[in-house]
Amino acid sequence: MRNTVRPDGRGAPSRLLPTRILPALLLLALAGLPPLGAQSPQRADPARLEVIEDLSESLANDMLDFSVAVRDRDTARMGKYFSETVTAAPLPSAPGPLQPAVKWISNRTWDAPPGRGTSAVRRDAVLADWEQLLDRLAEVEDVRFKVRGATFDDAAQAVKGASMPTAVPGARGDARIGFWLVGRNSEGQREWLRGTFEAAVLYPPGGPWHITAVQQPSVSSVVSSQDLFSEVSVPAGVARRLPAYGTPQNSGFAWNGAAAADVDGDGWIDLLVTTGGRNVLYLNDGSGGFREASAGSGIGQLASGTGPLFLDYDNDGDLDVFIATVGQQVLLENRLIPDGVLRFQDVSLEMRVAVNAVGFSAAAADVNGDGRPDIYVSSYNHYGRVTPNSWTAATNGTPNLLFVSQPDGTYRERAAAWGVNDSRWSYAAGFADVTGDGRPDLYVANDFGENAFFVHNGERFRDEARERGVLDTGYGMGVAFGDYDNDGHLDLHVTNMSSTAGNRILGRLFPDADPGNNPLKKLASGNNLYRNLGNGMFEDVTSAVGGLPGQWAWGGGFIDFDNDGVEDLYSPNGFISGKSMKDT
């Protein structure tokens with residue numbers, strides 16, 4: 001479920017609106033209204049499908065509780081999720097040899113202990129298998145068990161009107177369980193175990209769900225021979241704890257953003273964070289740490305927002321700050337030049353950028369060719385107060401803004417005149433000259449609407465997303481350009497969402513479909529990578545590179561993590577953290 005909060009931060013949390021994935025599935029598929037030429041769903045009783053999904057979610061929630069027990073190596077709690085006698089195949093718990101895969105990464109498969117086949121065993125024997133697997137890891141950082149698919153007996157029922165999905169005792173079914181464990185092995189290397197098994201399940205009186213049979217278990221893992229990164233926010237001086245979400249001090253989720261650049265001209269990268277209605281500026285001390293300079297620079301007292309962007313809007317040699325925000329947009333002039341002191345001054349009104357929008361992010365490029373950066377603002381809408389007029393092709397977001405530089409040094413909002421006043425609930429945008437004509441083109445990631453690729457033709461932009469092969473219909477939340485294959489042409493990474501629950505539902509409705517031919521499956525499939533063919537045309541290579549499920553993914557993009565000359569991809573993910581893994 002998705003918390004319903006006004007993006008201006010003033011709304012109270014509620015549980016009225018589901019996630020973005022599920023409305024599309026239930027309102028479109030079950031209503032028999034597949035969008036954009038998708039196959040019709042298999043004929044089924046919508047009421048029964050909802051019961052099946054309630055049972056699936058009830059099982060999935062119990063599997064998340066089981067995840068915590070496994071993470072904590074709490075055998076007694078783990079045992080609550082197995083019946084007293086289990087028909088089980090032995091769990092693969094013996095790691096095979098490492099097989100080099102790419103760079104510092106190796107793969108390996110895991111084998112089951114010899115001499116035991118599928119048989120009815122006591123619960124203790126099943127738990128012993130799991131203990132043996134866990135003993136291979138010196139540390140366990142995170143564990144997830146997820147229900148990728150489930151079927152239930154016709155007699156199985158869910159409790160009607162329950163605040164959380166709950167099964168009626170006696171419900172039986174079969175489920176495909178996927179799981180992963182992240183930690184360190186006995187050699188101290190980071191290892192990511194991934195596995196699946198087919199389970200028969202039963203809901204006994206009082207719950208939780210019991211696994212009564214385990215079939216076809218498989219385990220493989222990815223091992224890293226190097227630690228490239230360590231979490232050092234506390235010693236680096238940039239750790240910051242916000243009040244818990246939903247409290248009066250933190251009732252919105254649209255006030256957080258970050259940008260990095262050298263703002264004081266000392267050659268070191270500094271950080272600007274917008275959070276909780278104020279800005280925080282961290283200046284790099286050149287020795288691996290930062291000091292907060294928010295008050296001294298005046299930036300802490302100036303207007304905050306969601307999407308900070310460093311740019312030299314006045315071409316004077318120091319970096320200024322534009323902040324996309326819910327309300328009037330903000331431009332802060334860096335007075336390092338000419339004053340010689342790092343200090344920021346709000347010039348939003350004078351520069352004519354104090355225009356209202358639901359600004360979530362900003363990007364800059366020289367659109368009109370005058371040598372000064374122009375500014376594009378991706379504008380969303382007040383989700384929770386305004387409902388998208390479509391879960392897949394919405395057009396009732398707020399129009400995006402384009403501030404074009406003027407001869408007198410100010411800006412003028414000209415998005416409509418340039419053809420880029422997109423109103424499809426935009427989250428992010430990126431400029432890049434992908435057509436090779438020396439003019440910046442613009443890709444816009446839209447949340448509830450199709451993404452746009454605005455090609456600059458000299459006088460204005462034209463949306464050519466479909467013609468050029470980048471009409472991404474996912475829930476877009478991030479844009480990045482980079483040359484992942486080192487062929488000299490800019491490729492495109494689009495951050496979307498992936499959903500285990502969404503894919504589980506769609507597997508029932510469209511068992512023979514895939515994201516390429518079913519837009520609903522595309523909504524739940526995750527990020528996309530588009531390869532530039534060299535002429536401004538693209539091909540979708542997501543499947544070819546292994547698939548890019550990023551969960552609730554946001555920005556991120558291309559970065560050469562290991563300095564080997566080849567760009568890698570980073571995709572942050574997650575939403576509001578609840579008290580348990582059941583809550584987003």
Side-chain angles (χ1 to χ4, degrees), residues 1 15 18 22 45 47-89 91 118-131 133-134 140 142-179 181 195-215 217 500-501 504-505 508 577-584:
M1 302 290 286
R15 304 290 289 182
L22 298 184
D45 177 9
R48 183 58 188 168
L49 284 177
E50 290 189 19
V51 170
I52 291 172
E53 184 51 31
D54 279 346
L55 294 170
S56 299
E57 189 173 351
S58 171
L59 175 61
N61 285 341
D62 282 351
M63 287 297 96
L64 288 176
D65 288 337
F66 179 63
S67 302
V68 176
V70 174
R71 183 197 65 193
D72 296 343
R73 303 176 191 255
D74 189 331
T75 306
R77 281 164 55 203
M78 291 166 59
K80 295 179 180 179
Y81 300 91
F82 291 95
S83 59
E84 186 174 340
T85 300
V86 184
T87 302
L91 183 71
T118 301
S119 59
V121 297
R122 294 187 60 81
R123 177 190 296 137
D124 290 347
V126 176
L127 295 176
D129 281 355
W130 284 101
E131 286 180 318
L133 178 68
L134 290 169
V140 177
D142 200 6
V143 177
R144 291 287 193 279
F145 283 77
K146 295 194 173 187
V147 178
R148 292 182 176 169
T151 60
F152 296 90
D153 293 352
D154 292 341
Q157 295 293 327
V159 176
K160 295 182 179 180
S163 58
M164 291 289 289
T166 305
V168 173
R172 291 180 178 272
D174 297 288
R176 184 171 67 258
I177 307 295
F179 65 90
L181 297 81
T196 61
F197 59 89
E198 303 293 328
V201 295
L202 165 69
Y203 194 83
W209 283 91
H210 281 182
I211 296 173
T212 63
V214 175
Q215 305 287 345
T500 300
R504 184 174 67 224
I505 295 170
R508 299 188 187 107
S577 297
K579 294 181 179 179
S580 78
M581 291 188 289
K582 300 173 190 175
D583 196 359
T584 310

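- When the shell of 6.0 Å around CZ of Arg73 is examined, it contains more than 12 heavy atoms from other residues, nucleotides or ligands.
- When ring centroids are compared, Trp209 and Phe145 stay outside the 6.0 Å threshold.
- A heavy-atom distance below 4.5 Å is found between the side chains of Met78 and Val70.
- The nearest pair of heavy atoms linking Pro165 to Asn61 is CD-ND2, 4.5 Å.
- Proximity of Phe197 to Ile211: side-chain heavy atoms (C-beta onward) are separated by under 4.5 Å at one or more points.
- By the 6.0 Å contact criterion, CZ on Arg48 is enclosed, its count of non-hydrogen atoms from other residues, nucleotides or ligands being greater than 12.
- Between Ala89 and Thr118 the shortest heavy-atom distance is CB-OG1, 3.4 Å.
- For the atom pair CG (Asp124) and CD (Glu131), the distance works out to 9.0 Å, reported to the nearest 0.5 Å.
- Exactly one residue among Thr212, Leu127, Val126 makes a side chain to side chain contact (heavy atoms under 4.5 Å, CB included) with Val86. That residue is Val126.
- By the 4.5 Å heavy-atom criterion applied to side chains, Lys160 and Val168 are not counted as neighbours.
- A side-chain donor-acceptor contact under 3.5 Å links His210 to the backbone of Lys80.
- The two residues Val121 and Ala88 come nearest to each other via the heavy atoms CG2-CB, 4.3 Å.
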Checking side-chain contact (heavy atoms from CB on, under 4.5 Å) for the pair Leu134/Val140: CA distance, chi angles, key distance, verdict?
CA-CA 8 Å; Leu134 290 169; Val140 177; 4.3 Å; yes
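- Heavy-atom minimum distance, Ala167 versus Ala171: CB-CB, 4.2 Å.
- Atom CZ of Arg148 and atom CD of Glu198 lie 10.5 Å apart (nearest 0.5 Å).
- In this structure, the side chains of Phe82 and Trp130 come closer than 4.5 Å at one or more pairs of heavy atoms.
- The distance from the CZ atom of Arg71 to the CZ atom of Arg144 is 8.0 Å, given to the nearest 0.5 Å.
- In this structure, the side chain of Arg172 does not engage the main chain of Asp153 through any donor-acceptor pair within 3.5 Å.
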Taking it one step at a time, do Val68 and Arg77 satisfy side-chain contact (heavy atoms from CB on, under 4.5 Å)?
CA-CA 9 Å; Val68 176; Arg77 281 164 55 203; 3.2 Å; yes
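- Residues Leu181 and Asp142 have side chains not in contact (no heavy-atom distance under 4.5 Å, counting atoms from C-beta outward).
- What you find for Ser56 and Val147 is that their closest heavy atoms are O-CG2, 4.4 Å.
- Between the side chain of Ser58 and the main chain of Asp54, no donor-acceptor pair closer than 3.5 Å is present.
- Atom NZ of Lys146 sits about 14.0 Å away from atom CG of Leu59, to the nearest 0.5 Å.
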Candidate pair Asp62 and Tyr203, rule side-chain contact (heavy atoms from CB on, under 4.5 Å), full reasoning
CA-CA 11 Å; Asp62 282 351; Tyr203 194 83; 4.3 Å; yes
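- Here the closest non-hydrogen pair linking Val51 and Ala158 is CG1-N, 3.9 Å.
- Panel note: side chain Thr85, backbone Ser83; no donor-acceptor pair is recorded below 3.5 Å.
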